[in-house]
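I have placed the structure first, in the form of structure tokens, so that the comments after it can refer back to it.
On a predicted model such as this, the values are computed, not experimentally measured, just so you know.
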Amino acid sequence: QVQLVESGGGLVQPGGSLRLSCAASGSIFSTNAMAWYRQAPGKERELVAAITRGGSTEYADSVKSRFTISRDSAKNTVYQQMNSLKPEDTAVYYCNANLWASSSGRYRDYWGQGTQDTVST
């Protein structure tokens, strides 16, 4: 059974920073792309940042130059450093990994449980 466990969320003031981590565990044969999504109240879930197995990255326009995604493939872990946070960054952040679990026979998407990040005074 594959699990994605997120950590690092919380409450921060505008202009502050947070660092999210997400570790995939279980019987994993191979991990493809990993990503962070977020969902604010009353809004649809949106892609924040993604990183391929080769290290190529992409970001939503709203977070470019403020957020940095990285990964440690040996640990099946993805990180997101979030700087210069704004109130509009408040959301539940979800980790996503496209991976091949030993029992599945193909690549498929897995999701973390979500972590609440609140940017407020």
Side-chain angles (χ1 to χ4, degrees):
Q1 186 77 5
V2 173
Q3 284 188 316
L4 270 60
V5 178
E6 298 139 342
S7 61
L11 173 64
V12 66
Q13 292 186 344
S17 298
L18 286 173
R19 180 175 170 84
L20 303 182
S21 300
C22 171
S25 63
S27 185
I28 299 169
F29 177 70
S30 176
T31 303
N32 203 356
M34 303 184 81
W36 290 96
Y37 286 74
R38 68 185 179 187
Q39 187 166 19
K43 295 187 177 181
E44 294 188 353
R45 190 174 298 189
E46 64 173 353
L47 175 67
V48 178
I51 184 167
T52 67
R53 182 163 48 191
S56 296
T57 59
E58 67 171 297
Y59 296 92
D61 288 343
S62 59
V63 307
K64 282 180 181 176
S65 78
R66 299 189 298 121
F67 290 13
T68 302
I69 190 171
S70 59
R71 66 188 287 172
D72 184 336
S73 294
K75 296 181 179 179
N76 285 318
T77 300
V78 63
Y79 307 95
Q80 180 161 273
Q81 178 67 41
M82 306 185 294
N83 299 328
S84 302
L85 284 161
K86 305 175 181 180
E88 51 263 44
D89 293 317
T90 295
V92 178
Y93 284 73
Y94 296 92
C95 171
N96 168 272
N98 183 257
L99 58 85
W100 188 316
S102 300
S103 61
S104 71
R106 61 179 178 89
Y107 283 103
R108 52 163 290 193
D109 282 337
Y110 291 83
W111 293 88
Q113 79 283 1
T115 178
Q116 175 70 50
D117 295 338
T118 302
V119 185
S120 175
T121 55

### Message
With heavy-atom distances below 4.5 Å as the criterion, would you say the side chains of P87 and P14 are in contact?
### Response
yes
### Task
Could you walk me through whether Y110 and N96 pass side chain to side chain contact (heavy atoms under 4.5 Å, CB included), step by step?
CA-CA 6 Å; Y110 291 83; N96 168 272; over 6 Å; no
### Query
So is R45 actually on top of Y94's ring, under 6.0 Å and inside 45° of the axis?
yes
### Side-chain donor/acceptor of S84 to backbone N/O of G15, under 3.5 Å
no
### Query
Would you call D89 and R38 a salt bridge, taking side-chain N to carboxylate O under 4.0 Å as the test?
yes
### Query
Are V63 and L47 grouped together when hydrophobic residues (ILVMFWY) are joined by side-chain heavy atoms under 4.5 angstrom apart?
no
### Side chains of Q116 and L11 in contact at under 4.5 Å (non-hydrogen atoms)
no
### Query
Is it true that atom CD of E88 has more than 12 heavy atoms of other residues, nucleotides or ligands lying nearer than 6.0 Å?
yes
### Task
Please check if V12 and V92 belong to a single hydrophobic cluster, counting links between Ile, Leu, Val, Met, Phe, Trp and Tyr side chain heavy atoms closer than 4.5 Å.
no
### Message
Within the structure provided, determine whether N98 and T31 are in side-chain contact (heavy-atom separation under 4.5 Å).
### Response
no
### Message
If hydrophobic clusters are built by linking Ile, Leu, Val, Met, Phe, Trp and Tyr wherever their side-chain heavy atoms come under 4.5 Å apart, do I69 and L20 end up in the same one?
### Response
yes
### Query
Would M34 end up clustered with V2 when hydrophobic side chains under 4.5 Å apart are linked, directly or stepwise?
no
### Message
Looking at G10, is its backbone amide N or carbonyl O close enough to the side chain of D117 to form a donor-acceptor pair, meaning the two atoms are under 3.5 Å apart?
### Response
yes
### Query
Considering only heavy atoms from C-beta outward, does the side chain of E46 approach that of Y37 to under 4.5 Å?
no
### Message
Nearest 0.5 angstrom please: L18 CG to N83 CG, how far?
### Response
9.5 Å
### Query
Quick one: are V48 and F67 in side-chain contact, heavy atoms under 4.5 Å?
yes
#### Entry: S70 OG to I51 CD1 distance, which is reported to the nearest 0.5 Å
6.5 Å
#### Entry: Side-chain donor/acceptor of S62 to backbone N/O of A60, under 3.5 Å
no
### Message
Closer than 3.5 angstrom, by distance alone: can the side chain of T52 be matched with the main-chain N or O of G55 as a donor-acceptor pair?
### Response
yes
### Message
Just verifying a value: how many Å separate L85 CG and S120 OG, rounded to the nearest 0.5 Å?
### Response
12.0 Å
### Query
Any side-chain heavy atom of Q39 sitting closer than 4.5 Å to one from Y93?
no
### pair T77-Y79: side-chain heavy atoms closer than 4.5 Å
yes
### Message
Rounded at 0.5 Å granularity, tell me how far SG in C22 sits from CH2 in W111.
### Response
10.5 Å
### Query
Knowing that exactly one of Q81, R66, M82 qualifies, which makes a side chain to side chain contact (heavy atoms under 4.5 Å, CB included) with S17?
Q81
### Query
Okay, side chain of E6, backbone of C95: is any donor-acceptor separation there less than 3.5 Å?
yes
### Query
R71 and A33: which non-hydrogen atoms are nearest, and at how many Å?
NH1-CA, 4.1 Å
### Task
Evaluate the criterion side chain to side chain contact (heavy atoms under 4.5 Å, CB included) for residue pair R53 and S30; output intermediate values, then yes/no.
CA-CA 10 Å; R53 182 163 48 191; S30 176; 3.0 Å; yes
### Message
In the structure I gave you, are the side-chain heavy atoms of Q13 and V119 within less than 4.5 Å of one another anywhere?
### Response
no
### Query
Is the distance between the ring centroids of Y107 and W100 under 6.0 Å?
yes
### Task
Tell me whether W36 is reachable from L4 by hopping between hydrophobic residues (I, L, V, M, F, W, Y) whose side-chain heavy atoms are closer than 4.5 Å.
no
